[in-house]
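Quick caveat, the model's predicted, so the values are computed rather than measured.
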Amino acid sequence: DFDPMVYDIMRETATELRGAYIWLSRNAKTVSERDAATAAHITLWQDVNSVRGSDLATIKAKTDEYRSRLSQLRATA
């Protein structure tokens, strides 16, 4: 049985991660850091939008990936 909330959780996690990248972009100390953070949030949004809502395995994997990346950013910020 497929729970649609799983997809919503993935999207919300991606939104939090994207927000972190946007914050990094706006608060970057160098142009290179700004460009890298901007590219990361654009690439993330393309990635999350490519996930089919019916692909439970990919949804779970992406949720784990996004949570891990968000934790890493928070640990280094």
>> Please tell me whether T63 and T13 have a donor and an acceptor in their side chains that are separated by less than 3.5 angstrom.
In response: no

>> Testing the basics here: between A28 and R34, what is the closest heavy-atom pair and its distance to 0.1 Å?
In response: CB-N, 3.4 Å

>> Working to the nearest 0.5 angstrom, can you tell me the gap between L44 CG and L17 CG?
In response: 5.0 Å

> Between CE of M10 and CE of M5, what distance do you get to the nearest 0.5 Å?
Replying inline: 12.5 Å

>> Looking at every heavy atom in both R11 and V48, which two are closest together, and how far apart are they?
In response: NH1-O, 3.8 Å

> At what distance, to the nearest 0.5 angstrom, does CG of D64 lie from CZ of R69?
Replying inline: 13.0 Å

> If you take all heavy atoms of A37 and S25, which pair is closest and at what distance?
Replying inline: CB-N, 3.6 Å

>> Using side chain to side chain contact (heavy atoms under 4.5 Å, CB included), reason through T43 and Y21 one step at a time and then give a plain yes or no.
In response: CA-CA 11 Å; T43 300; Y21 284 134; over 6 Å; no

>> Working to the nearest 0.5 angstrom, can you tell me the gap between Y7 OH and D55 CG?
In response: 11.0 Å

> Among D8, V51, I9, whose side chain to side chain contact (heavy atoms under 4.5 Å, CB included) with I59 holds?
Replying inline: V51

> W23, I42: one ILVMFWY side-chain cluster at the under-4.5 Å cut-off?
Replying inline: no

